[in-house]
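All remarks here apply to the structure that follows.
We use all heavy atoms of the structure for the numbers below, so side chains are in, but hydrogens, waters and symmetry mates are not. All chains are named by letter (A, B, ...) in the order of the sequence lines, taking the proteins before the strands, and each is independently numbered beginning at 1.
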2 protein chains.
Amino acid sequence: MINQIVQMASTTEENYLKALFNLANERGEVNISELANQLEVSMPTANSMVKTLQKAGSCIYEKYKPVVLTPKGKKEAALIVRKHRLTEMFLVTKMGFGWEEVHEIAEQVEHIHASKFFERMDEMMGYPTVDPHGSPIPDKQGRIQDLQFKSLSEAKPGQEVILAALSDSSTEFLEYLNSRKLTLGTELKIISKEAFDQSIVVSFLDSEKETLSQKVCEKLLVKIFESKDSSQ
Amino acid sequence: MINQIVQMASTTEENYLKALFNLANERGEVNISELANQLEVSMPTANSMVKTLQKAGSCIYEKYKPVVLTPKGKKEAALIVRKHRLTEMFLVTKMGFGWEEVHEIAEQVEHIHASKFFERMDEMMGYPTVDPHGSPIPDKQGRIQDLQFKSLSEAKPGQEVILAALSDSSTEFLEYLNSRKLTLGTELKIISKEAFDQSIVVSFLDSEKETLSQKVCEKLLVKIFESKDSSQ
DNA sequence: GTATATTGTTAGATTATTCTAACAAATTTA
DNA sequence: TAAATTTGTTAGAATAATCTAACAATATAC
């Protein structure tokens, strides 16, 4: 009888996997100092944990080379991200939390192993595909749909767009958006764009007008409607 | 400047505190072997952790004597039990789980530190005072109301009682109760009691009749209505 | 293209949590 | 009460996750 006890990843290992996954998505390659920085541990600590994850078959690592997740590691990470995003969505839609306060809670809830718990959340919400920040929720197999939104800074005057996701979900940014009543799903019309500093004036909610800096525009991901003059 | 960093209890320590609290409530004194047995660790392990908890001021321990929680330790434990029971209640009333499946999930959720999360649950449920098994939910200060239910085995023929809580919430027992449609809040009338084996025949839901063994009766906690003939 | 800075590694130590082996104290049984 | 059993303790070791110090490799700057 083969008694193959596949040890579940510890909470610590789960955090490393998630960090590798997120860093790889943001910046492509992941080196030890980025990883250490992200997790607020020393480089020797990150180095040693990467070796542990390699032994477990979750990543590939060669001295002085960037760390790469294996398909196994990617799936493990995606399933943690799934739990995180389902939780965030649940906290917002079913428990009345603001989108700026859910990340911290979800960081803890994502390490719960009872899959029943997350399946019920999923069911109660009608199987959502994105979280409250517009990020896609991986499916049960760890697959992620590619949403391919554009940054608002790519939009041109006259175009209409829908705010669909954020590339920065820090509390500060979310609170900035709250203060301008900018929520996901909001329709924006690009009134003008300032050539000097790339800031954009938009109108939304049938009346509000707002100037958005380039910095802000880069972080707002939008669906751009095909131009009415069919220039494509 | 006094820089008193009071270290939060680890998940492991929390589990020891909870075990000490529960064992003390069930059996009075807690000795090392009971604790070790409850947590499925070796006696030296339990012994060593008890010393750690003592250093943290959560319990009092002298060689070969029973372990006693300090007021600090009792409060810490009660607050974990609070999170556990709030979670169980939430899972049953807001997420549609059966009472026999929530314990396992709550064992994991109780270690989440985000107090916002539990406060929102509490609020959504209207500040319940008991969990789905009839056990009291400690308040935010760790205080527990004393419910003082009686065991059904103390009831006498002719009396009417309401099933209020359980002294055993094992999955097997909960499934037994499910199969008989016995839920908390059910009104039972004691039809007769068999002197030989202390089994009791009850009627409930206006029609159902059921014979309950002494073993079962001892685990059912009830509110006994004052007798109509005011014999007290 | 050398000097400087950054990044990464190894070695060695620490703390938390656990174990087994060996022994000691307390309790139960006969 | 003496023997047997149970309970508890100490000692010593193992693993996970972390650190600092010291050194090595790679990348950047002049």
Quick one: is the NZ or CZ of [X] closer than 6.0 Å to the six-membered ring centre of [Y], and within 45° of its axis?
X	Y	answer
Arg82(A)	Phe118(A)	no
Lys74(B)	Phe21(B)	no
Lys223(A)	Phe149(A)	no

I need the [atom1]-[atom2] distance between [X] and [N], as an integer number of Å.
X	N	atom1	atom2	value
Lys55(A)	dA17(D)	NZ	C1'	13 Å
Asn37(B)	dT7(D)	CG	P	10 Å
Asn47(B)	dA24(C)	CG	P	16 Å
Glu62(B)	dA26(C)	CD	C1'	16 Å
Leu53(A)	dA16(D)	CG	P	12 Å
Tyr61(A)	dG8(C)	OH	P	7 Å
Leu35(A)	dT7(C)	CG	P	14 Å

Looking at dT6(D), I'd like to know if its phosphate oxygens (OP1 or OP2) sit under 4.0 Å from a side-chain N or O belonging to Tyr64(B). no
Does Lys63(A) have a side-chain nitrogen or oxygen under 4.0 Å from the phosphate oxygens OP1 or OP2 of dA24(D)? no
Taking only heavy atoms on the protein side, list every residue of residues 20-32 of chain A lying under 4.0 Å from any atom of DNA chain C, sorted numerically. Asn31(A), Ile32(A)
Do Thr87(B) side-chain atoms and Lys83(B) backbone N/O form a donor-acceptor pair below 3.5 Å? yes
Between Glu100(A) and Asn178(A), is there a side-chain donor-acceptor contact under 3.5 Å, judged purely by atom types and distance? yes
In this structure, is the centre-to-centre distance between the rings of His133(A) and His103(A) below 6.0 Å? no
Have a look at Lys51(A) and say if it touches a base, only the backbone sugar-phosphate, or nothing, with a 4.0 Å heavy-atom cut-off. sugar-phosphate
Applying side-chain hydrogen bond (donor to acceptor under 3.5 Å, both in side chains), name anything that partners Glu14(A), two or more places apart in sequence or on another chain. His111(A)
Atom CD of Glu40(A) with >12 non-hydrogen neighbours under 6.0 angstrom: no
More than 12 heavy atoms of other groups within 6.0 Å of Glu123(A) CD: yes
Taking protein heavy atoms under 4.0 Å as touching, what does nucleotides 13-23 of chain C look like 5' to 3' if B marks base contact, S marks sugar-phosphate-only contact and - marks none? ----SBBBB--
